[in-house]
Participant: 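Please find one structure pasted underneath; my questions will follow.
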Amino acid sequence: MAMTLRLTDEETEALRAEAEREARSMQEVARAAVREYVARRGNARLVDDELQYVVTTYAEALRRLGES
């Protein structure tokens, strides 16, 4: 799917500089950044879900530990 991404001048220059450093196209660098962002957010969501499970399941134990 095609999409238009509007960047500020500063963002464009930073992307251009990174693409030059990596000897890749700006599009390749931007797509890699999107993939990395989505992967990190997905992992963070899993951690949040697991943390919520632990807090809910062990609420009483955590409360008692906090009191000691």
Side-chain angles (χ1 to χ4, degrees):
M1 173 199 305
M3 105 180 238
T4 301
L5 178 63
R6 289 176 177 76
L7 302 173
T8 65
D9 290 343
E10 293 81 18
E11 292 166 336
T12 300
E13 186 49 42
L15 180 59
R16 179 176 288 117
E18 189 60 33
E20 285 179 18
R21 274 192 292 279
E22 296 181 17
R24 298 193 305 166
S25 71
M26 290 172 57
Q27 180 176 343
E28 288 173 320
V29 173
R31 290 180 63 212
V34 169
R35 286 191 300 273
E36 182 180 322
Y37 173 83
V38 169
R40 273 190 284 120
R41 294 291 295 200
N43 290 339
R45 196 166 292 119
L46 288 174
V47 170
D48 288 346
D49 291 347
E50 290 301 315
L51 180 59
Q52 185 59 43
Y53 169 78
V54 168
V55 168
T56 302
T57 303
Y58 301 104
E60 179 61 20
L62 290 170
R63 184 191 62 74
R64 285 186 291 172
L65 283 170
E67 292 175 353
S68 26

Participant: The criterion is side chain to side chain donor-acceptor pair (under 3.5 Å); which residues satisfy it with Glu11, sequence neighbours excluded?
Facilitator: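 Testing Glu11 for side chain to side chain donor-acceptor pair (under 3.5 Å), a comparison that skips the adjacent residues, returns Thr8.
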Participant: Under the side chain to side chain contact (heavy atoms under 4.5 Å, CB included) rule, collect the residues that match up with Ala19, sequence neighbours excluded.
Facilitator: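 Only Met26, Val29 meet the side chain to side chain contact (heavy atoms under 4.5 Å, CB included) criterion with Ala19.
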Participant: Determine which pairs satisfy salt bridge (Lys or Arg N to Asp or Glu O under 4.0 Å) with at least one residue from residues 59-68, sequence neighbours left out, and list them in order.
Facilitator: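 Listed by first then second residue: Glu60-Arg63, Glu60-Arg64, Arg63-Glu67.
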Participant: Which residues end up grouped with Met1 if you chain together Ile, Leu, Val, Met, Phe, Trp and Tyr wherever their side-chain heavy atoms are less than 4.5 Å apart?
Facilitator: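 ILVMFWY cluster around Met1 holds nothing else.
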Participant: Val38: which other cluster members, linking ILVMFWY side chains closer than 4.5 Å, directly or transitively?
Facilitator: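 Via sub-4.5 Å side-chain contacts, Val38 links to Val34, Tyr37.
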Participant: Not counting sequence neighbours, list each pair that qualifies as a salt bridge (Lys or Arg N to Asp or Glu O under 4.0 Å) and has a residue in residues 40-57.
Facilitator: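 Salt bridge (Lys or Arg N to Asp or Glu O under 4.0 Å) check on residues 40-57 returns Glu36-Arg40.
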Participant: Find the distance between CD (Glu13) and CG (Leu7) and round it off to the nearest 0.5 Å.
Facilitator: 11.5 Å
Participant: What residues form a salt bridge (Lys or Arg N to Asp or Glu O under 4.0 Å) with Arg21, not counting sequence neighbours?
Facilitator: Glu18
Participant: Who passes side chain to side chain contact (heavy atoms under 4.5 Å, CB included) against Glu20, sequence neighbours left out?
Facilitator: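 Only Arg16 meet the side chain to side chain contact (heavy atoms under 4.5 Å, CB included) criterion with Glu20.
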Participant: Taking the hydrophobic residues Ile, Leu, Val, Met, Phe, Trp and Tyr, and joining any pair whose side-chain heavy atoms are under 4.5 Å apart, which ones share a cluster with Leu46?
Facilitator: none
Participant: Which residue pairs satisfy the salt bridge (Lys or Arg N to Asp or Glu O under 4.0 Å) criterion with at least one member in residues 22-31, sequence neighbours excluded?
Facilitator: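 Qualifying pairs, neighbours excluded: Glu22-Arg24.
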Participant: Of all residues at least two apart in sequence or in a different chain, which pass the side chain to side chain donor-acceptor pair (under 3.5 Å) check with Thr57?
Facilitator: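 Listed in chain order: nothing, the list is empty.
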